[in-house]
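Proteins come first, then strands; the chains are lettered A, B, ... in the order of their sequence lines, and each starts at number 1.
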Amino acid sequence: MKILVSVKRVIDYNVKVRVKSDNTAVDLTNVKMSMNPFCEIAVEEAIRLKEKGIATEVVVVSVGTKSCQETLRTALALGADRAIQVDTEDGLDSLGVAKLLAKVAQNEAADLIIMGKQSIDSDNNQTGQMVAALLDYPQATFASDVVIENGEAQVTREIDGGLQTLSITLPAVVTTDLRLNEPRFASLPNIMKAKRKPLEVITPADLGIDVGSNVSVIAVAPPAERAGGVKVGSVAELVDKLKNEAKVVS
Amino acid sequence: MPEYKAPLRDIKFVTEEVLDFPGHYAKLPGAEEATPDMVSAILEEGAKFAERVLSPLNRVGDQQGCQFKDGVVTTPDGFKEAYQQYVEGGWPSLSHPEDMGGQGLPDSLGMMVTEMIATSNWSWGMYPGLSHGAMNTIELHGTDEQKQTYLTKLVSGEWTGTMCLTEPHCGTDLGMLKTKAEPQDDGSYAITGTKIFISAGEHDMADNIVHIVLARLPDAPAGTKGISLFIVPKHNVDASGEIADRNQVSCGSIEHKMGIHGNATCVMNFDGAKAFLIGEANRGLNCMFTFMNTARIGTALQGLAHAEWALQNSVAYAKDRLQMRALSGAKSPEKPADSIMVHPDVRRMLLTQKAFAEGGRALIHYCSMLVDTTKKGTADEKAEADELMSLLTPIAKAFLTETGFESANQGLQVFGGHGFIAEWGMEQNVRDCRISMLYEGTTGIQALDLLGRKVLMTQGATLRRFTKIIHKFCKEHKGNKRLKPYMTALDKLNSEWGDVTLKIGMKAMRNKEEVGAASVDYLMFSGYVVLAYFWARMAAVAQTKLDEGTDEVAFYTAKLQTATFYYERILPRTRAHADAMLSGADNLLAMDEDSFVFLNA
């Protein structure tokens, strides 16, 4: 069984995010970039399936500029077998990325596509679903447990009311939630081996995909700063404020 | 809750931009793998381990300490698991030879990873640190069989190592050591004696411990020329390389200490323990010196580690802590008070830490680059690197630990009364740092080594090797208007370094005591000049980057500002040291021994 895992290079989760002064985007100058944490979980899950003898090959793919090769190398150091960079400008919209990933999955004849449920930079939570739709594959999102048996994946999903278990036939798309696993650290020998693992660079044109976007970002703004609190004199005053000022109680 | 973040940007600045490691690695045989992208991948993974695994255990180690019962040492919660993870990550193998299972990467790259481990949790870092020393010794002086048996297991990290030198009656003066080694019929030796202060001598983190022990053969000459070096495993090893019965070496107790509670400091009893000679008989101390240079740089690193730790945590606190108003008027009128960052004296403390941490980083990684060259350079390069190392080792060891301790202390001071409270972690940092000025040769011993052995015994030749480098650097950069203030001051101090050396040399010809009397002031003077050189180099790089145009203006500007702080507020200390060292031995020696205290007068 071949697994395709998509990984995204995003602003590191520890970095305090700042918005550019012209409100067009988040300022990425000289900030630390890392693999999207949900993608790390996806890579870890794929490697575990390979270690269990269920998967035979783990291919990682990333869409973006050359700098995302660093993220692919990280995935290779964690244990993926080979990598593909689809060389594009950064900042494609979800559908553009989904089209590229779907095409790569098709070319690779991947039996299982594991993706993060969302990236922590744009937080859209839609690429996995789009890939499944474009390929007409079954999907199981927000996975907290994955069991592969007899050409099927049993996926436990984290939903609002609790857990839901789905059985889907392969090939399929699974997106990961935080509790699926705890990603390992790369070992030093594997970091060094990663350098010698194959990393192929292809373009959207190679894939015959037009990534033209239907979405444009109008403005990016930081959340409003929190105003200082006030002390209320009584419960009645508190309830009044909750009703009439904050409008959270009716 | 104190925290550690690996200063990857600054490590990169020092190693790539200031010291040109990429150029160094391109020339260094066997360093082909250490390309910039590989180095940064390794550093990022090392940073994760230091930040997420080791840093949270730092306080646990201090609070729990090591426990001793019936000869068994239990390390603090989490230490063993972290070590397991370290071994699984392949980290012990980084700079060791490939035929021993190592990765064969340069020592200097290992030092960058070690810096992060050391800063996040010094007590923990000492366990693999001691192994590293034992590995270097066996690598250089062991037989092939010894390497196969012991080195491979140390490189994989399955076993750890120690260095057993000190005995109850001899620390600095190893010539007095008494531990005996009796030759046995099978070619091995039986070791009997007691060693103290053995870091990582006993613990529960690995299956076996390989002790490197200094002892005396029956017919050995007295003094330092009669000391041999031995391997003594905690468990004997059978012909297939597996652990066999327990050897006659055991831990008698562990010390109760001021700091580094997470590291077991052991009394080790050898009762006819089976041992194997390393290197030639009676040449043990010579073998040991190769280890001691690396160990001293390792201890110099401790100074940097505590300075960096103090800096990160005291800056975070100072930004957060609201007290009083700026003298010139409120800076944050909307808040109940200004942050203490507005106070010049708080900034003095923070900048002192920054100047020593970042300057120390440059010196440490410069030294580790020299270590690479002493191992793999051409004959000429080796000779030069050896000479520079011999001069810089005592300076780095003593000066960086003295200034590291000052920084740790300033870091605590920034917290006011809270610095004295354990939860903030600042008092632990001070306590943990204190040992660095003592072990591996006290500051006083380093100073004697520097002035007596390294400088005066070579008629100043070793010193001139380094002052020439500084002089040449100043000449090259004097033309740059913006750098001129640094270069003028540095060039002047540099020639003064030669002058004071000459003056002390003259005095010493009349009275040998002048060397001891001048030594520590001389060492500190030397340290300030050396750091001034590195700050000038960092300023030169920062200025170039700013002139060329960079999107990291704040980063490079801060380098220039710190260099200016160092030159204007720290460097004047050389005046006091110069006056003191030249004041003569009489003001120290004149007093009668009985006049130091009058308790029953």
Side-chain angles (χ1 to χ4, degrees), chain A residues 7 9-16 18 20-21 27-35 37 40 43-44 47 51 60 65-80 83 85 182-197 199 225-231, chain B residues 3-9 12-13 32-54 82 84-96 98 101-105 109-110 113 155-157 319 334-336 545 550-556:
Chain A
V7 294
R9 184 173 181 268
V10 298
I11 192 163
D12 188 87
Y13 71 93
N14 274 313
V15 173
K16 201 174 167 207
R18 267 189 295 263
K20 280 186 183 170
S21 52
D27 190 356
L28 295 181
T29 333
N30 302 314
V31 299
K32 190 177 173 213
M33 304 291 283
S34 302
M35 189 189 297
E40 270 187 309
V43 173
E44 177 67 30
I47 297 164
E51 285 170 347
V60 283
T65 56
K66 190 165 184 244
S67 47
C68 74
Q69 288 188 9
E70 212 177 281
T71 313
L72 288 168
R73 290 279 175 215
T74 306
L76 293 171
L78 288 167
Q85 178 212 348
E182 200 175 312
R184 71 194 66 194
F185 290 3
S187 76
L188 178 62
N190 286 342
I191 295 171
M192 296 181 67
K193 274 182 215 147
K195 204 177 173 182
R196 284 183 282 273
K197 288 184 178 175
L199 192 159
E225 277 204 40
R226 204 169 148 234
V230 285
K231 263 192 186 166
Chain B
E3 242 194 48
Y4 170 69
K5 288 268 167 267
L8 291 175
R9 179 66 190 93
K12 190 175 156 187
F13 170 72
E32 299 80 13
E33 297 272 12
T35 52
D37 57 333
M38 176 64 77
V39 171
S40 77
I42 292 173
L43 292 186
E44 280 192 20
E45 208 58 30
K48 261 193 219 168
F49 182 68
E51 291 172 359
R52 297 189 204 167
V53 179
L54 295 181
Q84 197 53 41
Q85 210 174 338
Y86 177 77
V87 170
E88 279 163 15
W91 297 104
S93 70
L94 194 146
S95 60
H96 296 284
E98 281 164 284
Q103 300 300 328
L105 291 164
L109 176 50
V113 175
V155 168
S156 71
K319 283 183 176 172
E334 76 286 3
K335 292 186 177 156
K545 295 279 179 183
T550 166
D551 50 19
E552 291 180 284
V553 174
F555 180 81
Y556 292 112

Novice: Taking all heavy atoms of Lys195(A) and all of Glu33(B), pick out the closest pair and write down the distance.
Specialist: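 Lys195(A) and Glu33(B) have their closest heavy atoms at NZ-O, 3.8 Å.
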Novice: Is any side-chain heavy atom of Leu188(A) closer than 4.5 Å to one of Glu45(B)?
Specialist: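 SC-SC contact between Glu45(B) and Leu188(A) ruled out.
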Novice: Drop me the distance from Lys5(B)'s NZ to Asn14(A)'s CG, to the nearest 0.5 angstrom.
Specialist: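 Result: 4.5 Å between the selected atoms.
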Novice: Counting only heavy atoms closer than 4.5 Å, note whether Phe555(B) contacts chain A via side chain, backbone, both or neither.
Specialist: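 Phe555(B) has no heavy atom closer than 4.5 Å to chain A.
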Novice: With a cut-off of 6.0 Å (strictly less than), are more than 12 heavy atoms of other residues, nucleotides or ligands near CD of Glu182(A)?
Specialist: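 No, not enclosed.
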Novice: Answer yes or no: are there more than 12 heavy-atom neighbours, outside Glu334(B) itself, under 6.0 Å from its atom CD?
Specialist: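 Yes, enclosed.
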Novice: Go through the atoms of Glu552(B) and report whether side chain, backbone, both or neither lie under 4.5 Å from a heavy atom of chain A.
Specialist: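 Backbone plus side chain of Glu552(B), per the 4.5 Å heavy-atom cut-off to chain A.
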Novice: Against chain A, label Gln85(B) side chain, backbone, both or neither, depending on which of its atoms sit under 4.5 Å from a heavy atom there.
Specialist: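 When you check distances to chain A, only side chain atoms of Gln85(B) fall under 4.5 Å.
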Novice: Would you mind reporting whether Leu105(B) and Met192(A) have side-chain heavy atoms less than 4.5 Å apart?
Specialist: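 Side chain of Met192(A) against side chain of Leu105(B), heavy atoms only: contact under 4.5 Å found.
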Novice: Given side chains that start at C-beta, do those of Gln103(B) and Pro189(A) come closer than 4.5 Å, heavy atoms only?
Specialist: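 They are in side-chain contact.
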Novice: Is Lys12(B) atom NZ crowded by more than 12 heavy atoms from other residues, nucleotides or ligands, each under 6.0 Å away?
Specialist: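 Count not over threshold, so no.
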Novice: Of the backbone (N, CA, C, O) and the side chain (C-beta and beyond), which part of Asp37(B) lies under 4.5 Å from a heavy atom of chain A, both, or neither?
Specialist: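 Side chain only.
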Novice: What part of Glu70(A) gets closer than 4.5 Å to chain B, counting heavy atoms only: side chain, backbone, both or neither?
Specialist: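 Side chain of Glu70(A) only, per the 4.5 Å heavy-atom cut-off to chain B.
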Novice: Which heavy atom of Phe49(B) sits nearest a heavy atom of Phe185(A), and at what distance?
Specialist: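 Smallest heavy-atom distance, with atoms named: CA-CE2, 3.7 Å.
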Novice: In terms of heavy-atom proximity below 4.5 Å to chain A, should Val53(B) be classed as side chain, backbone, both, or neither?
Specialist: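 Side chain only.
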Novice: Taking atom NZ of Lys32(A) as the centre, report whether more than 12 heavy atoms of other residues, nucleotides or ligands fall under 6.0 Å from it.
Specialist: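 Yes, the 6.0 Å shell around NZ holds more than 12 heavy atoms from other groups.
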Novice: Decide yes or no for Asn30(A) and Arg9(B): does some side-chain heavy atom of the first lie under 4.5 Å from some side-chain heavy atom of the second?
Specialist: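 They are not in contact (no side-chain heavy atoms under 4.5 Å apart), so the answer is no.
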Novice: So how far is it from Glu44(B) CD to Ile191(A) CD1, rounded to the nearest 0.5 Å?
Specialist: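 If I round to the nearest 0.5 Å, the distance is 9.5 Å.
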